[in-house]
Amino acid sequence: MKILFSSVSNPRYEALPDYLASALRRLGHDVVRFDHRRMIVPGRLRRRLPILERLDSDRMNRRFLRTVRDLRPDLVLVNQGSALRGETIESSQRLGARCVNWFSDYPHEFNEGLAVAPAYDLFLHGASHAVRRHHDARQTGVGWLPFACEPEIHRPEPRAGTGRPPRVVFVGSHYPERQVLLRHLHGLPVEIRGPGWERAAWDPHVNRMIRGAAMRPSEWRRLFTEAQIVVNIHYGAFGPLEVAGDLANTRVFEILACGALQIVDRQGDVLRLFREDEHVLAYSSGEELRDCVERALGDPSLRQAVAARGREEVLAHHTYEHRARCLTDPRFTGMVIPVKPESAARMAGGASA
């Protein structure tokens, strides 16, 4: 299949678009990349002068359509891409392409996605809550497709952590809700790494845990496998669904694939995809987070068993090759969203994931 894949490219930071493009190519598809964020005018000028934003956006949409005319793809696959207008997508369909959007970054640009979704043959969200919001707006052709892992990248390092005392790590940007939760781990062997944590240097409950700023993906993957225990706190944890999204973030899948025990806040989608105490440990408060960490530190057998089962589950059902098969299958309409989070999610429309 010939695929035009439109996404954001960042050569210094591999992410979902790179993992998905690689998976599609491994499945034998001919993939051509397009960057819908590549503009001529710098963003700071476009934000100050709306006319420049409009002119640059016009140019990018024309460039996209020229690419579709030249390539004649069977599938136009877009990741997020609200800069691509509805009329651009509709013109691509008239040129013979099926158009699918994996609008994965909830809640970023949600309203823009809501506006452009009807133009697509299929519009997929990484958060099941976002799908419900589309249904509330009486939109059809919208489904759920969570994030995934890339086994060739997200994997345990050989002999990592062997013979070393267990460590607990959290990797992620500073947000107030994360600081509040991590304060409960004061006195435990916890390392916090990520951008913005200098803003918490005043806090005696977390300042001794802070170890560094931003990390490249290769660095935090190594840290996950060495640490053995990884805490995951979603953006907006325990806040309004419109902020937190009730989703399973990328780290859910990547931590599991790296072979670490994951201790994660109880997001609905996490528990729809993975079973608590079998694949992950979960918490709903700072006190429960501390209980989970202390339990894991004191029980090596628990750490190893849950981590092993979690890795087995994520590799069996949640890799980017699984997602690539769904995105290229015209029968696929999205993963079934179970009524009860504890139920395991299965695929709709006859597609295998």
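Please read all numbers here as calculations on a predicted model, not as lab measurements. The basis for the numbers below is simple: all heavy atoms, side chains too, and nothing from hydrogens, waters or symmetry mates.
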Take the angle between the ring planes of Y320 and Y19 and call it parallel below 30°, perpendicular above 60°, tilted in between.
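Tilted: the ring planes of Y320 and Y19 meet at 30° to 60°.
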Is the ring centre of [X] less than 6.0 Å from the ring centre of [Y]?
| X | Y | result |
| --- | --- | --- |
| F64 | F34 | yes |
| H318 | F147 | no |
| H154 | F224 | no |

Within a 6.0 Å radius of atom [atom1] on [X], are there more than 12 heavy atoms belonging to other residues, nucleotides or ligands?
| X | atom1 | value |
| --- | --- | --- |
| R208 | CZ | no |
| Y235 | OH | no |
| Q139 | CD | yes |

In the structure I gave you, are the side-chain heavy atoms of [X] and [Y] within less than 4.5 Å of one another anywhere?
| X | Y | value |
| --- | --- | --- |
| Y120 | V142 | no |
| M60 | D56 | no |
| Q93 | R98 | no |
| I255 | Q262 | yes |
| L84 | N61 | yes |
| V231 | V293 | yes |
| P156 | R311 | yes |
| V78 | F5 | no |

Side-chain donor-acceptor contact under 3.5 Å, [X] with [Y]:
| X | Y | result |
| --- | --- | --- |
| H205 | H184 | no |
| D265 | S284 | no |
| N232 | N249 | yes |
| S173 | R178 | no |
| S91 | R94 | yes |

Taking [X] first and then [Y], would you say they form a salt bridge - that is, a charged N and a carboxylate O separated by under 4.0 Å?
| X | Y | value |
| --- | --- | --- |
| R266 | E276 | yes |
| E14 | R216 | no |
| E109 | R37 | yes |
| D203 | R183 | yes |
| R309 | E313 | no |

Quick one: does NZ or CZ of R132 land under 6.0 Å from the six-membered ring centre of W144, within 45 degrees of the ring axis?
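The answer is no, since R132 fails at least one limit relative to W144.
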Charged tip of R133 within 45° of F110 ring normal and under 6.0 Å
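Ring-cation test returns yes.
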Minimum-distance pair of heavy atoms, taken over all atoms of [X] and [Y]:
| X | Y | result |
| --- | --- | --- |
| L65 | T88 | CD2-O, 3.8 Å |
| S128 | R272 | OG-NH1, 3.5 Å |
| E254 | W220 | OE1-CH2, 3.0 Å |
| D35 | S9 | OD2-N, 3.4 Å |
| G113 | F103 | CA-CZ, 3.7 Å |
| A324 | L27 | CB-CD1, 3.7 Å |

Stepwise, does the side-chain contact (heavy atoms from CB on, under 4.5 Å) test hold for D291 with R295?
CA-CA 6 Å; D291 287 345; R295 179 183 166 203; over 6 Å; no
[X] [atom1] to [Y] [atom2] distance, which is reported to the nearest 0.5 Å:
| X | Y | atom1 | atom2 | result |
| --- | --- | --- | --- | --- |
| S92 | L4 | OG | CG | 8.0 Å |
| Q228 | L261 | CD | CG | 9.5 Å |
| E321 | L24 | CD | CG | 9.5 Å |
| H36 | S57 | NE2 | OG | 11.5 Å |
| I233 | Q267 | CD1 | CD | 11.5 Å |
| H234 | Y175 | NE2 | OH | 13.0 Å |

Donor-acceptor contact present, side-chain [X] to main-chain [Y], <3.5 Å:
| X | Y | answer |
| --- | --- | --- |
| R323 | P146 | yes |
| D121 | C99 | yes |
| E90 | A119 | no |
| R290 | H186 | yes |
| D299 | L302 | yes |
| H279 | R275 | yes |
| H322 | T319 | yes |
| N79 | W102 | yes |
| D329 | R325 | no |
| R303 | A296 | yes |

Take F123 and L114 through the test side-chain contact (heavy atoms from CB on, under 4.5 Å) and record every step on the way to the result.
CA-CA 10 Å; F123 197 85; L114 190 68; over 6 Å; no
Pair S6-V76, side-chain contact (heavy atoms from CB on, under 4.5 Å): steps then yes or no
CA-CA 8 Å; S6 185; V76 166; 5.8 Å; no
Could you give me the CA-CA distance, side-chain angles and deciding distance for S104 and L16, then say whether side-chain contact (heavy atoms from CB on, under 4.5 Å) is met?
CA-CA 9 Å; S104 54; L16 181 154; 4.0 Å; yes
Verdict with reasoning, R33 to D18, per salt bridge (Lys or Arg N to Asp or Glu O under 4.0 Å):
CA-CA 10 Å; R33 299 284 297 269; D18 308 292; 3.7 Å; yes
Before you tell me yes or no, could you show the steps for R63 and D58 under salt bridge (Lys or Arg N to Asp or Glu O under 4.0 Å), namely the whole-Å CA-CA distance, both residues' side-chain angles and the distance that decides it to 0.1 Å?
CA-CA 9 Å; R63 183 168 60 89; D58 289 345; over 6 Å; no
With sequence neighbours left out, write down each residue that passes side chain to side chain contact (heavy atoms under 4.5 Å, CB included) with A200, or none if nothing qualifies.
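Side chain to side chain contact (heavy atoms under 4.5 Å, CB included) check on A200 returns H174, Q179, W197, V206, I210.
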Apply the test salt bridge (Lys or Arg N to Asp or Glu O under 4.0 Å) to residues R85 and E112: give CA-CA distance (whole Å), side-chain angles for both, the deciding distance (0.1 Å), then the verdict.
CA-CA 10 Å; R85 297 169 182 158; E112 292 86 343; over 6 Å; no
Hey, mind stepping through R167 and E191 against salt bridge (Lys or Arg N to Asp or Glu O under 4.0 Å) and telling me if it holds?
CA-CA 8 Å; R167 297 156 59 201; E191 301 175 17; 2.9 Å; yes
